[in-house]
Number of protein chains: 2
Amino acid sequence: MAMSETQTSPDLADPTPKQRDIAEAATRLFMAQGYAAVSMDAIARAAGVSKATLYAYFASKDRLFASLIGTACTRTGTTSLEFSEGEVDLRGALTQLGDRMLRFMLEPQSLAIYRVVMAEAARFPELGRAFYDRGAGASRRRLAAWLEQQMQAGRLLARDPGLAAEQFVGLLRTHLHMRALLGIDPPPSDAEIETTVAAAVETFLRAYAPAA
Amino acid sequence: MAMSETQTSPDLADPTPKQRDIAEAATRLFMAQGYAAVSMDAIARAAGVSKATLYAYFASKDRLFASLIGTACTRTGTTSLEFSEGEVDLRGALTQLGDRMLRFMLEPQSLAIYRVVMAEAARFPELGRAFYDRGAGASRRRLAAWLEQQMQAGRLLARDPGLAAEQFVGLLRTHLHMRALLGIDPPPSDAEIETTVAAAVETFLRAYAPAA
DNA sequence: GTCTATAGAAGGATAGAC
DNA sequence: GTCTATCCTTCTATAGAC
């Protein structure tokens with residue numbers, strides 16, 4: 001539980017096939033069921049190895065979980081958002097950006113990692129930080145920088161770009177997202193997503209567009 | 001696990017002292033640690049009763065959890081939001097409303113229940129529904145109805161009031177909320193909250209205020 | 001490195017005394 | 001109704017054979 005740094009962590013950069021099997025099975029199970037509900041037995045079974053092999057690669061359940069979820073945070077953090085440079089159709093750019101971000105947030109993978117990190121952030125504080133810094137926080141930084149460019153170019157009103165970025169994301173993250181997180185209804189349709197994005201862009205532009 | 005409805009559930013409307021002790025202890029533990037991480041032993045110990053007594057009141061761990069968290073959803077769902085009637089200082093009303101909603105969302109209790117319901121919604125689907133219907137969904141309905149009144153009175157542009165309500169809440173739920181959920185930093189200061197609310201109201205009004 | 005087998009602790013749930 | 005004591009299962013982790 002102390003998560004000491006002395007033990008060998010497997011080199012996930014160059015995994016053996018078994019390491020890959022273990023990592024994939026364990027990640028899938030942890031994301032679906034959370035930390036406490038998944039046993040090392042279940043992981044070993046799902047990975048097709050024995051528990052002894054599992055423990056040969058990962059010193060403990062704690063470290064296995066922290067390592068895998070941390071890695072998952074990094075992987076999902078690298079969502080490539082493309083920010084148009086130079087002269088820009090602002091509405092089009094925001095729509096494309098919003099569409100990409102919202103679809104990403106609604107992916108089962110994203111929802112699962114969000115759920116599990118939130119649930120375990122108290123027990124694994126470094127996961128909360130990793131998730132934020134590599135995920136939402138990183139997106140915020142990049143979006144804020146891009147919005148600041150647009151502000152300096154006079155295409156948006158000069159406001160706090162960080163706050164503007166958060167507001168844009170907030171406008172995207174309507175109850176569509178919450179309901180998906182809660183597993184209340186089937187995945188939203190393309191039409192619902194497009195409606196939400198268009199409305200977010202519309203509101204954002206009405207608030208941030210310079211007076212014509 | 002099947003959560004059948006045949007078993008006696010304790011009457012939580014008129015609880016004995018022991019029922020109260022059990023309910024309080026178990027709710028606190030479940031909210032802090034999640035379903036799987038809390039043992040019936042731990043609950044019995046925290047409540048000052050034996051496990052047998054625990055099982056005299058609740059047929060299983062499943063039912064104990066579902067009953068308590070469902071109750072907690074109902075309790076927190078009844079956040080009294082006051083909606084000003086008649087002629088209204090719209091900015092003032094929205095600011096007051098936003099302040100109240102954001103502070104409520106940032107309360108440790110609210111964050112804890114949000115986390116645990118998200119984490120367990122797959123195993124306890126009725127909890128996801130209860131949480132939404134009695135919490136965010138109910139607020140949305142009431143806020144949407146109030147916004148619709150304002151729209152009909154000509155104080156706001158006529159738009160989809162449900163979407164407008166979600167956007168207002170989305171503007172409030174910035175990274176302040178996410179960081180609090182992830183336990184990343186200490187509770188936000190009054191100043192941070194007020195800034196966030198003021199910015200949300202400003203953006204919302206710029207988008208929804210009729211042309212002067 | 002990988003397995004089978006198992007130790008030792010903790011889990012949910014119950015029997016039986018009072 | 002409440003307790004103590006216990007059953008059986010499952011858990012994490014490891015020893016020892018190959």
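Residue numbers begin at 1 in each chain, while the letters A, B, ... track the order of the sequences. These numbers were taken from a predicted model, which means no experiment stands behind them. Scope of the values below: all heavy atoms of this structure, side chains included, with no hydrogens, waters or symmetry mates.
- Checked by atom type and distance alone, the side chain of Glu166(B) pairs as donor or acceptor with a backbone atom of His175(A) at under 3.5 Å.
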Give the table of side-chain donor-acceptor pairs shorter than 3.5 Å for residues 96-108 of chain B, with sequence neighbours excluded, one pair per line with atom names and distance.
{"residue": "Asp99(B)", "atom": "OD1", "partner": "Arg103(B)", "partner atom": "NE", "Å": "3.4"}
{"residue": "Asp99(B)", "atom": "OD2", "partner": "Arg103(B)", "partner atom": "NE", "Å": "2.9"}
{"residue": "Arg100(B)", "atom": "NE", "partner": "Ser80(B)", "partner atom": "O", "Å": "2.8"}
{"residue": "Arg100(B)", "atom": "NH2", "partner": "Ser80(B)", "partner atom": "O", "Å": "3.4"}
{"residue": "Arg100(B)", "atom": "NH2", "partner": "Ser80(B)", "partner atom": "OG", "Å": "3.3"}
{"residue": "Arg103(B)", "atom": "NH1", "partner": "Asp190(B)", "partner atom": "OD1", "Å": "3.0"}

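- Taking atom CG of Leu54(B) as the reference point, atom P of dA13(C) lies 10 Å away to the nearest angstrom.
- What separates CZ of Phe65(B) from C1' of dG12(C) is a distance of 16 Å, to the nearest Å.
- Phosphate proximity of dC3(C) to Thr53(A): present, with a side-chain N or O under 4.0 Å from OP1 or OP2.
- Atom OH of Tyr57(B) is separated from atom C1' of dT14(C) by 18 Å (rounded to the nearest Å).
- A distance-only check finds a donor-acceptor pair linking the side chain of Arg173(B) to the backbone of Arg173(A) [under 3.5 Å].
- The ring of Phe65(B) has its center no closer than 6.0 angstrom to the ring center of Phe58(B).
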Letter per nucleotide, 5' to 3', of nucleotides 5-15 of chain D [B base touched, S only sugar-phosphate touched, - untouched; heavy atoms, 4.0 Å]: ------SBBBB
Indicate every side-chain donor-acceptor pair of residues 23-33 of chain A with a distance under 3.5 Å to a residue at least two apart or in another chain.
{"residue": "Glu24(A)", "atom": "OE2", "partner": "Arg20(A)", "partner atom": "NH2", "Å": "2.9"}
{"residue": "Thr27(A)", "atom": "OG1", "partner": "Ala23(A)", "partner atom": "O", "Å": "2.6"}

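- For Phe124(A) and Tyr35(A), the gap between ring centers is short of 6.0 Å.
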